[in-house]
**Q** 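What follows is a structure written as structure tokens; I'll ask about it next.
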2 protein chains.
Amino acid sequence: MEKVKIIIADASMPSANGLRDLLQKVPGYTVVSVVGNGKELLDLLKDHPCDLVLMEVGMPVMDGIDTMRSIRELHPAIVVLTVTKLNAIEYINSMLVEGAKGYFLKSGRSEELLHAIQQVLRGEQYLSPAAQESVDKGYAYTSKDPSGAYVGLTPRERDVIRLIALERTNDEIAVHLSISTDTVKSHRKSLMTKLNVRSAAGLVKYAVDREWI
Amino acid sequence: MEKVKIIIADASMPSANGLRDLLQKVPGYTVVSVVGNGKELLDLLKDHPCDLVLMEVGMPVMDGIDTMRSIRELHPAIVVLTVTKLNAIEYINSMLVEGAKGYFLKSGRSEELLHAIQQVLRGEQYLSPAAQESVDKGYAYTSKDPSGAYVGLTPRERDVIRLIALERTNDEIAVHLSISTDTVKSHRKSLMTKLNVRSAAGLVKYAVDREWI
DNA sequence: GATACAATACCCACTAAGGGTGAATTTGTC
DNA sequence: GACAAATTCACCCTTAGTGGGTATTGTATC
């Protein structure tokens with residue numbers, strides 16, 4: 001019987017290695033590769049297929065949510081289990097909407113992770129208890145979109161949110177991007193509406209969590 | 001010969017387990033415990049001494065910097081190696097000032113971590129290349145304190161910075177803490193001066209990084 | 001009792017950000 | 001070519017935050 005081929009996508013070395021070591025102990029599993037961001041994962045998948053991906057949401061270069069969308073498009077058969085420390089509802093919702101089969105929080109126990117893997121491999125959804133609780137409590141960032149559709153940011157909006165998180169004022173951002181201050185304000189307003197936050201604080205948290213800064 | 005007793009303090013399960021598994025393979029080392037935050041660590045140290053602590057900066061309940069200060073006071077003989085994903089200068093500086101012997105970034109390789117451990121156990125300081133680079137570039141948050149003294153926040157300032165990160169306005173914070181809006185502004189000013197940031201964005205990043213939200 | 005600091009509160013002036021509305025232009029896709 | 005989406009820009013007005021002070025009280029610590 002073929003072993004389940006697993007790839008781990010996590011920028012944090014001890015975390016990625018910890019997952020690898022844990023899974024290598026399981027007879028039916030084989031970790032074929034460990035990558036540090038979404039781009040590396042997609043490059044690898046081009047000619048190295050696998051059955052299961054364990055993926056962190058917060059990764060540099062290309063984060064988990066964007067990566068998830070590409071995987072669903074390019075490799076629909078791959079099962080993805082999110083393995084992250086982020087338990088905010090917007091990430092859970094985003095990952096599930098984009099097609100992740102499960103959402104496991106890193107505060108959980110190893111045995112629970114193995115259980116989660118078995119469950120998603122069987123085709124069932126898995127959510128960590130705390131994640132399930134967040135989902136039950138309702139949607140914070142996504143309340144304006146009850147359909148559950150993913151709220152994507154445009155490239156320009158990402159430019160702006162990054163600079164906001166870097167403590168730049170609207171004027172400075174305008175100079176940096178060679179656009180008018182009014183345009184920066186436009187993007188800022190779109191960002192706040194999309195992410196359903198009330199102030200710059202919410203934008204900064206979003207950018208920090210996703211490791212965009 | 002006695003084995004080196006090691007405790008790992010890291011709230012992230014795969015990360016903590018990854019470190020534990022890595023160290024258990026080394027003949028001279030023994031991981032006596034794994035804890036999830038600074039408070040658990042200090043409780044454990046009361047009657048379970050150890051030689052080396054690997055500690056993450058970002059931990060819930062009690063973060064690495066506060067924990068470091070207590071360790072230096074209560075258990076001066078224990079060698080602490082910071083093992084974190086945070087590479088901002090203020091954390092590096094804070095941990096070193098508080099008495100950590102080394103600062104290892106989780107993006108580094110396992111062999112490098114073992115090398116770092118050997119180095120701090122010999123009594124030498126260790127810094128990850130990227131961390132060394134940050135130090136060379138100068139101090140961002142701590143530029144106003146060239147002596148390198150740790151910039152500590154008072155309990156009230158922590159209340160305020162947390163609420164700022166939670167997107168509360170000054171008025172809301174005032175009501176929540178039962179103080180006047182002017183007092184909130186006073187705390188806000190102190191925070192920005194102490195942390196040497198220009199706007200709320202810097203405060204939010206600080207709070208998010210330290211997992212205070 | 002003197003010192004230091006945290007916490008509280010107030011003043012003033014100025015700048016930045018938030019919220020609403022509308023619209024032109026480019027870009028890519030069907 | 002029609003359509004949707006992204007990007008750009010311009011007004012309006014209101015509120016919130018920033019930066020500079022100063023000052024009082026309480027509470028440790030020396």
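Chain naming here is simple, since letters A, B, ... match the order of the sequence lines and numbering starts at 1 in each. Computed from a prediction, not measured in an experiment: that's the story for all the values here.
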**Q** Contact list please: residues 173-183 of chain B against DNA chain C, heavy atoms, distance less than 4.0 Å, in numerical order.
**A**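 Ile179(B), Ser180(B), Asp182(B), Thr183(B) - these, ordered by number, are the residues of the stretch whose heavy atoms sit under 4.0 Å from the strand.
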**Q** What string of B, S and - do you get for nucleotides 16-25 of chain D 5' to 3' if you count protein non-hydrogen atoms under 4.0 Å?
**A** -SBBBB----
**Q** For Arg122(A), is the CZ atom crowded, meaning more than 12 foreign heavy atoms sit under 6.0 Å from it?
**A**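 Count over threshold, so yes.
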**Q** Under the side chain to side chain contact (heavy atoms under 4.5 Å, CB included) test, which residues partner Val120(B), sequence neighbours left out?
**A**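 For Val120(B) the side chain to side chain contact (heavy atoms under 4.5 Å, CB included) partners, ignoring immediate neighbours, are Leu52(B), Val79(B), Leu81(B), Lys101(B), Tyr126(B).
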**Q** Is there a side-chain contact between Arg156(A) and Leu177(A), using heavy atoms and a 4.5 Å cut-off?
**A**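 They are in side-chain contact.
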**Q** How far does CE of Met55(B) sit from OH of Tyr103(B), to the nearest 0.5 angstrom?
**A**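 Answer rounded to 0.5 Å: 10.5 Å.
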**Q** Asp159(A) has an atom CG; how far is it from atom C1' of dT8(D), in whole Å?
**A**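 It is 14 Å, rounded to the nearest whole Å.
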**Q** Checking Ser190(A) now: which residues fulfil side chain to side chain contact (heavy atoms under 4.5 Å, CB included) with it, not counting sequence neighbours?
**A**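 Residues passing side chain to side chain contact (heavy atoms under 4.5 Å, CB included) with Ser190(A): Glu157(A).
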**Q** Salt bridge (Lys or Arg N to Asp or Glu O under 4.0 Å): which pairs involve residues 40-50 of chain B, sequence neighbours left out?
**A**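 Of all non-adjacent pairs touching residues 40-50 of chain B, those that pass salt bridge (Lys or Arg N to Asp or Glu O under 4.0 Å) are Lys39(B)-Asp43(B), Asp43(B)-Lys46(B).
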**Q** Under 4.0 Å from OP1 or OP2 of dA7(C): is there any side-chain N or O of His187(B) that close?
**A**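 False: His187(B) side-chain N/O out of range (4.0 Å or more) of dA7(C) OP1/OP2.
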**Q** Are any side-chain N or O atoms of Thr30(A) and backbone N or O atoms of Lys3(A), one a donor and one an acceptor, separated by less than 3.5 Å?
**A**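 No; judged by distance alone, with no hydrogens or angles, the pair does not exist.
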**Q** Listing request: all salt bridge (Lys or Arg N to Asp or Glu O under 4.0 Å) pairs with a residue in residues 168-179 of chain B, at least two apart in sequence or in separate chains.
**A**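 Qualifying pairs: Arg198(A)-Glu172(B).
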